[in-house]
Structure formats: C-alpha cells, structure tokens
Amino acid sequence: MSEDNSQNKKSAKIFSIIVGSIIFIIGWIINLLSPDDKSENKNAKDNNYYIGDTLSYKDIDLTVNNIRCIQNIDLSSEEYGLYYITVSITYKNNTKKEFDVHTSDVYIKTTDKGEKYNCSGFSGDKGFIDALLGETIIAGATKHYDISFYTAYSLETKKYIMCFDWGVFSREQEYHLYLRNNN
C-alpha cells in the first residue's frame, strides 16, 4: 500500500512540473507578443502623450493636432445640450503594408471618473461598409481624420483621455486631450 502511495506522490509531482512548465511557456509567449509599455517619445517629461505629441505603435505614428468642443443648441436634436467634441488626428503609416483605422477601437474617457464615450462621427467614413471595415491607410501614407464624440461635459469642465485599442495582444494606449501643463 505504501508503494501505491509513493507512486501517486511521484505522479502528482511529475504532473505539477509539467503543468508549471506549460504555464511558464504560455506566459513567456504572451510576454514576447505584448508591446513594450515604455514611451517612445524621447521629448516627453513623463510616459504620457498630450496634444501635439506623437504616439508610436508598431511603426504607426498618431498625433492629435487639435481638439474642439461646441455645445449642441439645436432644440430639435436628440443631443440637445450635449457637447460635441471633435479631435483632429494624423495617422502616419511607416510600415510596408496597409493599416486599417477602426473607430470602434477608439473612445474617450474622463480623467476623474473614467466615464466613457464612443465615437459618434468619423471623417473617414464614406458609408456603412467603411464604418464596419475601417478606413485603410496604404504603406507610407499620412491621413488626417476628425473623430467626434457627444459628451455630457465640456473641455472646460472635464479633462479627457483618448484610448486606442490596437488589438488582442496589445495594450491599450492613452492620449491626453489637453496640454502637458494641464491647459
């Protein structure tokens, strides 16, 4: 009986070593596929991106050029009283292949409570199919877009962060929609 008990302990130990090795290998692969979390902007004083900074991800450069905010005062509109925030963005494709811009991968949130707002307008959309499939930027090209959001707060009331989801094995990146000195 003690021989069976000894055999079971040996089997359990071998099984634990195999499971631990598999978990280690999976973690190592995920770590290799994950992007580096450090800022590539050498001029930045911190690891955040602000209006005018260039955020780089796998040879795609993204720069927020401008942000505008106007209140909707059209009484007949469903969005009456809300603020229409428009963010002017430049994408530069430094890769050797096409890159698709999907507005479903972009949203803004407030810095204080994290309230999220999805895209309500995109200057690249030419129709329903483009909205689903995204806008394509060919290799080496630069394109400018205006991405719009309806929010409950103005730029004077709240500070916003634009969030970019680059894909399954990528970390979401944030771009502060105000200047570095909080203006």
Side-chain angles (χ1 to χ4, degrees), residues 39-95 98-138 140-167 170-183:
S39 170
E40 294 181 21
N41 188 343
K42 305 294 188 249
N43 297 325
K45 295 175 185 166
D46 54 32
N47 288 337
N48 297 314
Y49 299 94
Y50 298 86
I51 295 176
D53 291 344
T54 299
L55 180 154
S56 293
Y57 176 77
K58 292 189 178 181
D59 290 328
I60 302 296
D61 291 342
L62 183 140
T63 305
V64 172
N65 304 309
N66 192 347
I67 181 169
R68 297 179 304 279
C69 179
I70 56 171
Q71 188 173 23
N72 185 341
I73 57 172
D74 181 4
L75 291 170
S76 63
S77 171
E78 285 184 29
E79 291 83 17
Y80 171 74
L82 296 178
Y83 294 90
Y84 192 65
I85 295 177
T86 304
V87 182
S88 296
I89 295 177
T90 301
Y91 279 94
K92 183 174 183 198
N93 184 353
N94 298 312
T95 67
E98 293 180 343
F99 173 76
D100 291 328
V101 175
H102 298 276
T103 55
S104 61
D105 297 337
V106 178
Y107 67 91
I108 61 174
K109 66 181 179 180
T110 59
T111 57
D112 59 351
K113 295 183 181 177
E115 299 157 309
K116 294 181 181 180
Y117 301 96
N118 292 322
C119 173
S120 61
F122 178 57
S123 65
D125 289 347
K126 294 176 183 56
F128 181 72
I129 298 297
D130 288 336
L132 289 176
L133 300 177
E135 175 84 2
T136 300
I137 304 173
I138 62 172
T142 300
K143 283 196 172 183
H144 305 281
Y145 298 105
D146 287 334
I147 301 177
S148 303
F149 306 85
Y150 276 106
T151 67
Y153 310 102
S154 70
L155 293 174
E156 291 80 29
T157 309
K158 298 274 186 172
K159 291 185 176 159
Y160 291 94
I161 297 173
M162 184 174 269
C163 302
F164 297 91
D165 182 1
W166 298 102
S170 303
R171 289 190 182 106
E172 185 175 89
Q173 288 185 290
E174 296 182 341
Y175 198 112
H176 297 253
L177 297 178
Y178 50 91
L179 298 175
R180 190 172 307 283
N181 61 3
N182 292 322
N183 293 325

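In what follows, every heavy atom counts, from backbone to side chain, and hydrogens, waters and symmetry copies are set aside. Each residue takes its place number in the sequence, starting with 1.
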Undergrad: In Å, rounded to the nearest 0.5 Å, how long is the span from CG of Asp61 to OG1 of Thr95?
TA: 10.5 Å
Undergrad: Report yes if the side chains of Ile67 and Ile85 come closer than 4.5 Å at any heavy-atom pair, otherwise no.
TA: yes
Undergrad: Any idea which heavy atoms bring Trp166 and Arg171 closest together, and the distance?
TA: CD1-O, 3.9 Å
Undergrad: Taking C-beta and beyond as the side chain, do Leu177 and Val87 meet within less than 4.5 Å on heavy atoms?
TA: yes
Undergrad: May I ask you to test the Tyr150-Asn72 pair for a side-chain heavy-atom distance under 4.5 Å?
TA: yes
Undergrad: Before you tell me yes or no, could you show the steps for Thr90 and Thr142 under side chain to side chain contact (heavy atoms under 4.5 Å, CB included), namely the whole-Å CA-CA distance, both residues' side-chain angles and the distance that decides it to 0.1 Å?
TA: CA-CA 7 Å; Thr90 301; Thr142 300; 3.4 Å; yes
Undergrad: Rounded to the nearest 0.5 Å, how far does CE of Met162 lie from CD of Gln173?
TA: 13.5 Å
Undergrad: So, do Thr54 and Leu62 sit near enough that their side-chain heavy atoms are less than 4.5 Å apart?
TA: no
Undergrad: Do NZ/NE/NH1/NH2 and the carboxylate oxygens of Lys109 and Glu115 come within less than 4.0 Å?
TA: no
Undergrad: Answer yes if the side chains of Asp146 and Thr86 hold a donor-acceptor pair under 3.5 Å, and no otherwise.
TA: no
Undergrad: Measuring from Glu174:CD to Ile108:CD1, what's the distance to the nearest 0.5 Å?
TA: 12.5 Å
Undergrad: For Tyr107 together with Tyr117, are the ring centres under 6.0 Å from each other?
TA: no
Undergrad: Quick check: do Lys159 and His176 have side-chain heavy atoms less than 4.5 Å from each other?
TA: no
Undergrad: I would like to know whether Ser120 and Glu79 meet side chain to side chain contact (heavy atoms under 4.5 Å, CB included); could you show each step before the answer?
TA: CA-CA 11 Å; Ser120 61; Glu79 291 83 17; over 6 Å; no
Undergrad: Nearest heavy-atom pair of His102 and Asp100: which atoms, and what distance?
TA: NE2-CB, 3.5 Å
Undergrad: Check for a donor-acceptor pair, side chain of Ser56 on one end and backbone N or O of Asp59 on the other, with a separation under 3.5 Å.
TA: no
Undergrad: Taking C-beta and beyond as the side chain, do Asp112 and Lys158 meet within less than 4.5 Å on heavy atoms?
TA: yes
Undergrad: Are the side chains of Val64 and Tyr49 in touch, meaning some heavy atoms are under 4.5 Å apart?
TA: no
Undergrad: Angle class for the Phe99/Tyr91 ring planes (parallel below 30°, perpendicular above 60°, tilted otherwise)?
TA: tilted
Undergrad: Sub-3.5 Å donor-acceptor pair from the side chain of Tyr175 to the main-chain atoms of Tyr50, do we have one?
TA: yes
Undergrad: Would you say the side chains of Tyr160 and Thr151 form a donor-acceptor pair under 3.5 Å?
TA: yes
Undergrad: Could you check if a side-chain atom of Lys116 sits within less than 4.5 angstrom of a side-chain atom of Cys163, using non-hydrogen atoms only?
TA: no
Undergrad: About how many Å separate CG of Leu82 and CG of Asp74, when rounded to the nearest 0.5 Å?
TA: 12.0 Å
Undergrad: Does any N or O in the side chain of Gln71 come within less than 3.5 Å of the main-chain N or O of Gly81, such that one atom is a donor and the other an acceptor?
TA: yes
Undergrad: Could you go through the side chain to side chain contact (heavy atoms under 4.5 Å, CB included) check for Val106 and Cys119 one step at a time?
TA: CA-CA 7 Å; Val106 178; Cys119 173; 5.7 Å; no
Undergrad: Let me confirm one number: the NE2-OG distance from His144 to Ser123, rounded to the nearest 0.5 Å.
TA: 10.5 Å
Undergrad: Looking at Asn93, is its backbone amide N or carbonyl O close enough to the side chain of Lys143 to form a donor-acceptor pair, meaning the two atoms are under 3.5 Å apart?
TA: no
Undergrad: Which distance, rounded to the nearest 0.5 Å, do you find between the CZ of Phe164 and the CD of Glu172?
TA: 10.0 Å
Undergrad: Looking at Ser154 and Cys69, what are the two nearest heavy atoms and their distance?
TA: CA-SG, 3.9 Å
Undergrad: Do Tyr84 and Ser148 get their side chains close enough for a donor-acceptor pair, meaning under 3.5 Å?
TA: yes
